[in-house]
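Below is one structure; the comments refer to it alone.
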Amino acid sequence: AAHRDGIKVLLWIRSFNAEGLPQNECVTSLTNPIAADPANPAFIERTQRNIHTLLSDAPGCCNCDGFKVDFINCIPSGENIETHVPGMYGVELVKCWLHLLYTASKAAKPEALLNVSCAHPYMAEDADQIRIHDYHGELNAVCSVMGYRAGLAKAVYPGIAIDCDSGGTFSRRDFLRYMRYQPEIGVPDLYWLSPSYAVPFDDA
């Protein structure tokens, strides 16, 4: 239905989430499963299969248009971490995860969009769009803060599309200011269509 209205559909995905996975597809700590293991062949196959179902336009598939990858900072950590590839840890786990998502997405739908929040040149080959992430509204300086972040992202990924994000403005003035400013730095992003604690807009 969204496609009929000319709207693309991205799916939100939580990084390293182990919910529902068998233990043998997880990163473990003292034998306890704590995260999905993107280097594990069984998890790789599961991810490729699931992404095909979500993105492909083949019969029985969902024909969505890409992913907004969140919680990339929730990397499994600690002294007793075990992964399928011994010693894979930290940034290398992030790289492995994003590369799996990117390659599986492009295999299912070459024009799929991968939106990530990891502004580091090591990850550049596995991102189509960079998210400049959450803003803490008590600063009351949303345009300067988000403009600075957008500048950093463009320096890291020259030519990449910027997802402006828009969470956390706590004043109506700051909210309206950022709504008008977003097209200057990237792709405008509106999270709410009704007022909330973080989006104090009125009917006008």
Q | Test log, rule side chain to side chain contact (heavy atoms under 4.5 Å, CB included), inputs Ile132 and Ile162 | A | CA-CA 7 Å; Ile132 55 177; Ile162 303 293; 3.9 Å; yes

Q: Apply side chain to side chain contact (heavy atoms under 4.5 Å, CB included) to the pair Gln182 and Asp189, showing each step before the final yes or no.
A: CA-CA 8 Å; Gln182 287 188 69; Asp189 200 331; 3.7 Å; yes

**Q.** Intermediate values then yes/no, side chain to side chain contact (heavy atoms under 4.5 Å, CB included), Asn32 and Gln23
**A.** CA-CA 8 Å; Asn32 295 309; Gln23 181 165 334; over 6 Å; no

Q: Could you walk me through whether Arg49 and Glu45 pass side chain to side chain contact (heavy atoms under 4.5 Å, CB included), step by step?
A: CA-CA 6 Å; Arg49 183 176 68 249; Glu45 192 279 330; 2.4 Å; yes

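Cluster partners of Ile81, by chain and number: Val27, Ile34, Tyr89. The rule joins Ile, Leu, Val, Met, Phe, Trp and Tyr whenever side-chain heavy atoms lie under 4.5 Å apart.
Salt-bridge formation is detected for the pair Asp126/Lys95: a Lys NZ or Arg NE/NH1/NH2 atom is positioned less than 4.0 Å from an Asp or Glu carboxylate oxygen. The pair Asp128-Lys106 meets the salt-bridge criterion, since a charged nitrogen lies less than 4.0 angstrom from a carboxylate oxygen. Taking a cutoff of 4.0 Å between a charged side-chain nitrogen and a carboxylate oxygen, Asp70 and Arg14 do not qualify as a salt bridge. The pair Asp163-Lys68 meets the salt-bridge criterion, since a charged nitrogen lies less than 4.0 angstrom from a carboxylate oxygen.
Hydrophobic clustering keeps Leu98 apart from Phe71 (ILVMFWY residues linked when any side-chain heavy atoms are closer than 4.5 Å, directly or through intermediates). Hydrophobic clustering (ILVMFWY, side-chain heavy atoms < 4.5 Å, transitive): Leu113 and Leu101 are in distinct clusters. Under the 4.5 Å side-chain heavy-atom criterion for ILVMFWY residues, no single connected hydrophobic cluster contains both Val187 and Val9.
Taken from CZ in Arg180 to CZ in Phe175, the straight-line distance is 10.0 Å, to the nearest 0.5 Å. The line from SG of Cys164 to OH of Tyr181 is 8.5 Å long, rounded to the nearest 0.5 Å. With rounding to the nearest 0.5 Å, the separation of OG1 in Thr47 from NE2 in His52 is 14.5 Å. To the nearest 0.5 angstrom, Leu114 atom CG is 8.0 Å from Phe67 atom CZ. Atom CE of Met179 sits about 8.5 Å away from atom CG of Leu176, to the nearest 0.5 Å. Residue Asn50 holds its CG atom at 10.0 Å from SG of Cys62, rounded to the nearest 0.5 Å.
For Leu152, the side chain to side chain contact (heavy atoms under 4.5 Å, CB included) partners at least two apart in sequence or on another chain are Tyr148. Every side chain to side chain contact (heavy atoms under 4.5 Å, CB included) that Lys8 has, sequence neighbours left out, goes to Asp65.
With hydrogens and angles ignored, the 3.5 Å screen pairs a side-chain donor or acceptor of Arg149 with a backbone N or O of His133. At least one donor-acceptor pair closer than 3.5 Å links the side chain of Ser144 to the backbone N or O of Ala141. Within the 3.5 Å criterion, the main-chain N or O of Leu55 finds a donor-acceptor partner in the side chain of Lys109. Listed for the Tyr135 side chain is a donor-acceptor partner under 3.5 Å among the backbone atoms of Val142. With Asn40 contributing its side chain and Ala42 its backbone, the two residues share a donor-acceptor pair below 3.5 Å.
Using a 4.5 Å heavy-atom threshold, the side chains of Glu111 and Ser105 count as separate. Using a 4.5 Å cut-off on side-chain heavy atoms (C-beta onward), Leu100 and Ile51 make no contact. You'll find the side chain of Gln129 stays beyond 4.5 Å of the side chain of Val116, heavy atoms only. Side chains of Ile44 and Pro38 form no contact here, defined as non-hydrogen atoms less than 4.5 Å apart. Proximity of Tyr102 to Met123: side-chain heavy atoms (C-beta onward) are nowhere separated by under 4.5 Å. The shortest side-chain heavy-atom distance between Val94 and Ile72 falls under the 4.5 Å cut-off. With contacts defined as side-chain heavy-atom distances shorter than 4.5 Å, the pair Phe16/Trp97 qualifies.
Side-chain contact annotation: Tyr157 with Glu125, donor-acceptor N/O pair under 3.5 Å absent. Between the side chains of His84 and Asp37, no donor-acceptor pair is found at a separation under 3.5 Å.
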